[in-house]
Amino acid sequence: MAVKTKKEKRVLTAEEKKARRKKRSRIALVVVVDVIAAIIIFLFACTGLNKSALKSNLEFIKSFDIVTYDDQLVPEIADDGYYTFVTDDDFNIMQITDVHLGAGCFSKGKDAKALETVAAMVSEEKPDLVMATGDIAFPMPTHSGTIDNKNSAMLFAELMEQLGVYWAPVFGNHDTESYSKYTREEIAEFYSSDAYPHCLLQPGPEDVDGYCNYVINIKNSQGKIIQSLIMLDTLSYIGERAIDGIIMKYDRIHDNQIEWYKQQITFLTQENGGETPKSLCFFHIPLIEYQDAWTEYAENGYQDTDNVKLIYGKVGEIDEMICCPEENCGLFEVAKNLGSTQGFFCGHDHLNTYSLDYKGIRLTYGNSIDYLAYFQIAKYGAQRGCTMIKVKPNGSFDVVPESYYQEKYNALDEKEKLNMGDYMLAG
């Protein structure tokens with residue numbers, strides 16, 4: 001029997017390599033087109049189911065009672081054009097983040113859980129203001145069955161109107177994806193319409209990037225600013241984002257937004273009789289200083305340093321990941337120099353729960369709600385809840401993370417039995 005010999009591999013010419021690359025590119029393009037076509041066909045097939053799921057959860061929202069206050073604070077538009085609350089007592093803010101409502105046929109059950117979680121915590125805490133720090137919506141077709149992000153926005157806005165609680169949103173990267181049906185501008189117009197008087201969003205100046213750069217003031221009865229709440233749009237991605245979530249290069253707060261921030265501090269200082277007001281900033285994607293601070297803390301053996309003092313929490317993302325922009329926008333240093341902002345509050349990284357002091361400014365991740373976006377996250381509960389921020393009459397503030405799974409939060413349905421330990425990504 002003849003012995004088979006290994007066939008020598010022929011070296012391809014440059015023209016043959018080029019032709020092979022072109023062929024592979026054509027094949028890849030055909031696959032992508034086929035996948036997109038399949039998704040489009042599927043979405044059309046699911047239209048009726050999506051409408052049914054949306055209708056079901058809108059009806060579910062009506063089962064929640066209005067939140068009863070002894071004396072609810074009602075904001076008014078002041079002469080400066082900002083919504084303003086007036087109180088001589090503590091002012092209570094509830095930060096919730098990453099609700100991730102799909103509003104489609106795939107996400108109907110998980111959307112209901114997310115809505116119930118928010119309703120239970122708001123009803124118990126009775127906050128003066130709910131700060132929603134991005135990713136209210138998650139209409140990714142593979143997870144929800146729809147790309148209609150306005151329906152996700154509608155579910156949350158209808159919930160807050162049903163509860164009768166004032167709230168202020170900022171946008172996250174998922175609220176308006178490149179493939180979403182509605183743009184950031186359209187969702188901002190939707191939230192700020194007359195249909196939702198409890199939503200205090202103001203889209204912000206037209207010459208400043210983003211659609212949720214605005215201010216809410218807390219004043220005492222003498223007209224002094226106790227705390228200014230400054231909202232910033234951290235935008236989304238640099239370039240186009242892939243529908244499957246592979247490309248994860250985040251944009252940063254732009255220079256004209258930082259200039260706007262500086263102008264607000266100057267204007268508010270003048271309005272405050274020359275005294276720089278205390279302020280807190282709310283946005284979705286963390287600043288790069290969140291990463292710098294945690295890296296310094298971790299490299300010091302998870303012990304405080306001269307710059308970093310951990311107040312509570314940890315990094316729960318795999319490999320201690322902090323998903324921030326690659327480029328430093330410069331906001332942190334500007335804030336330090338101006339001496340107004342005491343703390344930054346963000347969302348985005350659902351499993352990061354820390355609050356720390358970094359160079360004199362508090363950096364805090366809000367507890368997240370998400371039942372839908374992260375793989376199997378509905379089965380884990382250590383990260384799910386809200387963050388309570390108490391602003392005191394002297395302008396100081398306290399921050400307390402609250403777990404949804406405490407007995408004080410009464411849900412309409414029995415709460416799910418979950419793994420309350422560390423969340424680990426599969427694989």
Side-chain angles (χ1 to χ4, degrees), residues 77-85 93 95 131 133-134 168-172 184-185 188 200-219 223-236 238 250-293 307 324-348 357-364 389 391 395-397:
I77 293 283
D79 293 339
D80 56 18
Y82 300 139
Y83 280 106
T84 301
F85 290 88
I93 302 168
Q95 180 197 4
M131 283 298 315
T133 50
V170 294
F171 289 131
R184 239 167 169 73
E185 182 178 11
L200 306 185
L201 180 142
Q202 293 177 304
E206 292 183 359
D207 59 349
V208 176
D209 292 330
Y211 288 95
C212 54
N213 304 299
Y214 62 110
V215 176
I216 296 173
N217 284 322
I218 306 165
K219 295 183 177 181
K224 180 181 178 180
I225 299 175
I226 300 305
Q227 195 74 245
S228 288
L229 311 178
I230 302 176
M231 277 56 76
L232 287 162
D233 190 341
T234 46
L235 307 168
S236 294
I238 297 174
Y250 296 108
D251 204 346
R252 67 176 182 87
I253 295 173
H254 290 185
D255 292 346
N256 58 19
Q257 293 176 277
I258 295 176
E259 186 60 33
W260 172 83
Y261 166 83
K262 292 163 63 176
Q263 292 171 358
Q264 300 316 298
I265 300 302
T266 299
F267 174 77
L268 292 166
T269 299
Q270 294 171 351
E271 184 178 337
N272 209 36
E275 181 181 345
T276 302
K278 294 181 173 69
S279 62
L280 303 173
C281 281
F282 297 84
F283 43 74
H284 182 66
I285 299 175
L287 303 177
I288 201 168
E289 282 78 12
Y290 276 73
Q291 177 176 272
D292 295 342
N307 291 325
C324 59
E326 294 178 1
E327 184 181 356
N328 193 329
C329 69
L331 176 63
F332 185 88
E333 287 301 319
V334 169
K336 270 187 64 183
N337 292 334
L338 292 177
S340 170
T341 299
Q342 302 169 287
F344 293 111
F345 295 83
C346 74
H348 190 54
D357 184 284
Y358 183 55
K359 298 182 180 180
I361 295 179
R362 188 82 168 260
L363 304 181
T364 301
I389 307 160
V391 176
S396 62
F397 67 100

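Excluded from the calculations below are hydrogen atoms, water molecules and symmetry mates; all remaining heavy atoms, backbone and side chain alike, are included.
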Residues His348, Tyr250; criterion side chain to side chain contact (heavy atoms under 4.5 Å, CB included); working and verdict: CA-CA 11 Å; His348 190 54; Tyr250 296 108; 3.3 Å; yes
Min side-chain heavy-atom separation Phe85-Ile226 under 4.5 Å: no
Gln202 side chain near Ile77 side chain, heavy-atom distance below 4.5 Å: yes
N-O pairing of Lys359 and Glu289 below 4.0 Å: no
Approximate separation, where rounding is to 0.5 Å, of Asn217 CG and Gln264 CD: 9.5 Å
Aromatic ring pairing Tyr82/Phe267, orientation class (parallel under 30°, perpendicular over 60°, tilted between): perpendicular
N-O pairing of Glu271 and Lys219 below 4.0 Å: yes
Nearest heavy atoms of Met231 and Leu229, plus distance in Å: CE-O, 3.4 Å
Which atom of Ile225 lies closest to which atom of Pro277, heavy atoms considered: CG2-CB, 3.8 Å
More than 12 heavy atoms from other groups under 6.0 Å of CG on Asn337: yes
Other residues, nucleotides, ligands: >12 heavy atoms within 6.0 Å of Tyr211 OH: no
Leu338 and Thr276, any side-chain heavy atoms less than 4.5 Å apart: no
Any Ile230 side-chain heavy atom under 4.5 Å of Trp260 side chain: yes
CD-CG distance between Gln270 and Asp80, expressed to the nearest 0.5 angstrom: 12.0 Å
Short side-chain to backbone donor-acceptor contact, Tyr261 and Asn256, under 3.5 Å: no
Polar side-chain atom of Gln95 near backbone of Cys346 as donor-acceptor pair, under 3.5 Å: yes
Whether Phe332 and Tyr358 hold their rings parallel, tilted or perpendicular, with breakpoints at 30° and 60°: tilted
Verdict with reasoning, Tyr83 to Tyr214, per side chain to side chain contact (heavy atoms under 4.5 Å, CB included): CA-CA 9 Å; Tyr83 280 106; Tyr214 62 110; over 6 Å; no
Heavy-atom pair with the smallest gap, counting every atom of Pro286 and Pro325: O-CD, 3.4 Å
Side-chain touch Ile285/Phe283, heavy atoms, less than 4.5 angstrom: no
Shortest non-hydrogen contact between Ser279 and Ser340, atoms and distance: OG-OG, 2.8 Å
Shortest non-hydrogen contact from His284 toward Val170: N-CG2, 4.3 Å
For the student: nearest non-hydrogen atoms of Asp233 and Asn213, plus distance: N-OD1, 3.1 Å
Asn307 side-chain N/O to Ala293 backbone N/O, donor-acceptor pair under 3.5 Å: no
Full working for side chain to side chain contact (heavy atoms under 4.5 Å, CB included) between Ile216 and Phe282: CA-CA 11 Å; Ile216 296 173; Phe282 297 84; over 6 Å; no
Non-hydrogen side-chain atoms of Lys224 and Asn272 separated by less than 4.5 Å: yes
Separation between OG1 of Thr341 and CD1 of Ile361, rounded to the nearest 0.5 Å: 6.5 Å
Contact check, side chains of Leu287 and Cys329, non-hydrogen atoms, under 4.5 Å: yes
From CG (Leu235) to CZ (Arg184), nearest 0.5 Å: 6.0 Å
Any side-chain donor near an acceptor of the partner, Asp251 and Ser236, under 3.5 Å: no
Check: Gln342 side chain, Leu280 main-chain N or O, donor-acceptor pair, under 3.5 Å: no
Euclidean distance, His254 NE2 relative to Leu232 CG, rounded to 0.5 Å: 12.0 Å
From CD (Gln257) to CG (Leu331), nearest 0.5 Å: 9.0 Å
Side chain proximity check, Phe345 to Met131, heavy atoms < 4.5 angstrom: no
